[in-house]
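These notes concern the structure reproduced below.
Naming convention: chains lettered A, B, ... in sequence-line order (proteins, then strands); numbering from 1 in each chain. All figures in this text were calculated on a predicted structure; none of them were measured in a lab. All heavy atoms count here, side chains included; hydrogens, waters and symmetry mates do not.
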Protein chains: 2
Amino acid sequence: MGKAWLNNRLIHKAMANDSFAFSPATVAGGDAVRLQLESDIVNWLKLPLELDPEKATVVLQKQAGKFDSDEAFQLSQKGSQVVITANTTNGLMYGFYELLREKVMGTKLNTDLQSPSQPLRMIDHWDQTDGSIERGYAGASIFFGKPDKLDNPDVGNFDVKHIDGDIFRHDRTRMITYARMLASVGINAVSLNNVNVREQGIELITPKYLDGVDEIATIFRGFGIKTYLAINWAAPKLIGGLDTSDPVDPKVQEFWAKVCKNIYSVIPDFGGFLVKADSEGEPGPYQYGRDHAQGANMLGQAIKPYGGLVIWRAFVYNAHQDWRDRKTDRAKAAYNNFAPLDGHFADNVILQMKFGPIDFQTAEPLQPLFGKLRNTNQMMEFEISAEYLGHQIDVNYAVKQWYKMLNYDTKYDDLKDPHAGAVLKETAVNPAHTGMAAVGNVGMSEHWTNNPLAQANLYGYGRLCWNNQETPEDILHEWVALTFTESDNKTQSTIYKIVDTSNETYRDYCAPLGVGFMVVPHYHYGPSVNGYEYDRWGTYHFADRNGVGVDRTMATGSGFIGMYSDKLSSEYENLDTTPESVVLFLHHVPYDHVFANGKTLIQTIYDLHFQGYANVEQYVKDWATVSGKIDDRVFESVSDCLKQQLADALEWRDQVNTYFYRMSGVPDDQGRLIYE
Amino acid sequence: MGKAWLNNRLIHKAMANDSFAFSPATVAGGDAVRLQLESDIVNWLKLPLELDPEKATVVLQKQAGKFDSDEAFQLSQKGSQVVITANTTNGLMYGFYELLREKVMGTKLNTDLQSPSQPLRMIDHWDQTDGSIERGYAGASIFFGKPDKLDNPDVGNFDVKHIDGDIFRHDRTRMITYARMLASVGINAVSLNNVNVREQGIELITPKYLDGVDEIATIFRGFGIKTYLAINWAAPKLIGGLDTSDPVDPKVQEFWAKVCKNIYSVIPDFGGFLVKADSEGEPGPYQYGRDHAQGANMLGQAIKPYGGLVIWRAFVYNAHQDWRDRKTDRAKAAYNNFAPLDGHFADNVILQMKFGPIDFQTAEPLQPLFGKLRNTNQMMEFEISAEYLGHQIDVNYAVKQWYKMLNYDTKYDDLKDPHAGAVLKETAVNPAHTGMAAVGNVGMSEHWTNNPLAQANLYGYGRLCWNNQETPEDILHEWVALTFTESDNKTQSTIYKIVDTSNETYRDYCAPLGVGFMVVPHYHYGPSVNGYEYDRWGTYHFADRNGVGVDRTMATGSGFIGMYSDKLSSEYENLDTTPESVVLFLHHVPYDHVFANGKTLIQTIYDLHFQGYANVEQYVKDWATVSGKIDDRVFESVSDCLKQQLADALEWRDQVNTYFYRMSGVPDDQGRLIYE
């Protein structure tokens, strides 16, 4: 497995003259994080651990209550020593990885107080008990499955097999390495299994499988990471021997209380439950005429005695829309379901909402519930795994997009800081119960991710969780420097440039201007312009001979735009003040509409698609120049991916351009070849 | 299992006063057909078998050499006796079933000489050794598979599983009943396994599996049916331990000689091989730089000593077309591959060609090789299983379409009878080696077929093979009378009317006017107007804002039209003299083009789709009236199918109409609702 951005040999080299010590008060107690940190210094980095702090070059010093956040830390220079100060060993650990980073990059010691933007920084694994991963593109699960099954081919079909015998992979080496990667970028929570909870996944919460879960949780614990499980809402019926899962039924409440008791007796610091309910066919409280606050709070009540959390996904919609029905708008579903419940959710319940109103597309406006909800714990959800972003084949540095969403201005004048990331704390019931979550992207692949460059998204996701204001460019500079440390500047700069522009490049050759979902059904890779146009998923582009896009205006459309703050609504209602990147998400626009830059819509579509493909051609050329300058296997893997990306970008370019040319009849104003 | 059109109780009732005898000379020898016939009279019909012909009401009398065809028969009245005369017991058997038919229907004895139009009347099963059936919609295989696996869900994916232990189902009752059904309509050849030969299917030709094949062949033998196997062209490499399958390699020739020797030692009347080569990824002679005559003749040579045949499919095309490439035309593939080989194929080799140039669509012009080839044995291939004709959910009496293709006028003036069915004999190397083949449609379903009305296609296929001039209407009258014998006239007439119009109805709500392939990819059921438009299969409609259809003219298109006889070419080259039903197969037509009937193309599309759906609505109403008048389970099965057909026809109507409305911008001239 690849060393990703944590190369112990390089760190050892950069710190060859260093030694570590914990200040005396820091050592007390059997703290799993400290034990792991000591082990990492001694066993992983092979650096000296001094008993006497005076003799060490780096001192880790715990000072309870020193900072506002128990995870914050500060580095300081004290004579020839570097002192890492934090309230807890978790804070010290984050300071330790910051120091490693700075040493390897050779930068000046950053003595600012460093405190996380978000208290919850989570990765949701969609791993399944048979070792497959829904929407996984990097091989099989590192948690589950048999040793001989390491691939996870994308068959657009996510049935889960029943596994005879042990469902756990027990690959401790890989799990420890992964946990360290996560800790090094500040992740402090993981959910192990797919939110579509099937087969033995339903029973992970039962004594039969808790020892296996505990083995994983114990590894993560050493890295300050709490373990969560996704649950099946219908578990009382499916595995509890009850004839109902109704949340107001005392037998159901008792079932969940017992589940919690069992779990916490094995895993005392268990994080809690992640729940997808009433969505895409999954069961939920609506079946019993209960609302989602009732459903979630019942679980909150059960887990409250143990300090656990319930993370409740807002991705609730009717997946049986009729394309003929132009009044229903899937983009409004989360708002319609959850806006009326603001203030109804318990203190230990968190609403987890995808960043946009539809589904992890290349360009969406912000989910309008952010800023609208004023008394609800919330998390913003991303998808590192790249389901709609190229399946880890195409280079796609999604951190760019995430940064934009976190810093999206909701334009609520009454909020102290109306930007989406900041809004979370200000509008929470309990500001400690807010944060970010993202679908993970690793598997048993040689390089953790399919395209080694996709590691940048895992790195960047963590860094961005920690500091919502750290720019994607700064993060990328770090990642390149840490990953390709021994390569020359030109090589690093070439890699940086490819990754830096990749998110926009991918977006440009896909479905144009935020309209989304022109992908091959089920698989979600490659173009199929009409693939979802007459389907039941509510994801339409409504292209006709005159124009394309979804009218979500208040005046003539679905009214979705009215769900935003007044200022944002007014901006979006007007085609001329709508950002071009999402204009087709919000308006049905005639092909001959002229944007502010003087270009028509149809010409904009053509230009974006020609440019997107041209960028990939350039990536292929540029990448060839790093041959021999980086690890050969990484070079080959990326080369293979780029080859497929080039072929695929060509399909996108040509199919989208031809489709709109056939529709509009307007030729390209630069005379480039658009197939008839 | 359903009794289909052979209800022994009803036959017994109609023949209660009858008894049978074989004339003395007829009884000689251990003739499997005679033995089966005697057994059927005694055991199946429970009717008396007299030793003395004088005492019987029906005498079966073999007279070698009496008629031109060894399968022909004649019924005659001799006093109070009916005499069936034929050259062979096979002919007697066909006469026997004709008499049963007439008795049940209560019609006057038909004393015409009845002789088959085609010597080979074959059903190709696409059954697989794991019990699944490629493009099977009536449950699992009746030949292969485990007893507990009776369904065959359509997953659009035809992988074959390796089966541990016995691959044969051994359901003798069902196989005998099926064989009798086939014999009763004149089928005399079956191929057991899928032409995409995979997994243990490759080994069916080896001693390991020959006893199992022999069990089946022995059953069919009693009904005058020869058994064939589909082979994998690469068998010498895959199972023969050779490093090549090159047909000119002596080791390869030796391999096939040995295969034949093994087979014929177990099954002395084995029919021969069916081969799909160099098509859709299957191996073939092109891999070795050999042509298809070399490939086929090599096999012909190996099987010649035993009197076997090689049936070689002409469905050879490159399944990796680029949609941008407007010059390549899949419709031309068979012609391009095989026209140059006319006269090159051996006497015991037959070219099996789909009726149309593309692939079993609802409307296609005739495959232009028919009539063009002048020195090649040929079979015309149909697909009873209804892959593109509604999956045995939608009622679809395809006999209408087949009759049309068999009686298609090739307009070659130099042929005695230029109609496609008749052409086969006239242009053959050996007129005994021509005929018809069709992909079977039965499985372990309760009624043999999924929709019980789909039995009419199996019945009709056989009847049409026997007599290419029997009209689909006459055949349907027979089938209704034999199947719903005890229902009243009004019920029979209601059923007749639904089935009679069903082929046209289905065609009308699907892809319009012969353009084809607007189906859901892989599954081939339900609409997806653009599903194949940018795919690699060469099946495009090229719709744009001005028009739709494939220009295959000589003047401006692919030139495909030039492959027909001069007369037909001229007719097709001119848009005004092209039959409307295939006009979009042959021309790219502007939406505002006015047909002879005064209607525009766009209005024709709308009208057909509204009418097609309206017909299904009527079917639903009409079918409701037969409740209680026929078998309840048949009634319910058809009702369920019609319900799904109605929903599906609605999708076809609306998606196709909306698609073309969005494209053309032309509203329906009758103001009916077309969704935007």
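- Contact of A/Glu651 with chain B is made through backbone and side chain together, with heavy-atom distances under 4.5 Å.
- Between A/Leu650 and B/Arg324, some side-chain heavy-atom pair lies under the 4.5 Å cut-off.
- Each of A/Met663, A/Arg545, A/Arg662 was evaluated against B/Arg545; a single residue qualifies, A/Arg545, per the side chain to side chain contact (heavy atoms under 4.5 Å, CB included) test.
- In this structure, chain B has no heavy atom under 4.5 Å from any part of A/Leu673.
- Heavy atoms of B/Asp654 lying under 4.5 Å from chain A belong to its backbone as well as its side chain.
- Within a 6.0 Å radius of NZ in B/Lys599, other residues, nucleotides and ligands contribute more than 12 heavy atoms.
- For chain A, no part of B/Ile674 is nearby; none of its heavy atoms comes within less than 4.5 Å.
- Within 6.0 Å of CD in B/Glu676 there are 12 or fewer heavy atoms belonging to other residues, nucleotides or ligands.
- Looking at every heavy atom in both residues, A/Trp323 comes nearest to B/Tyr675 through CZ3-CB, 3.9 Å.
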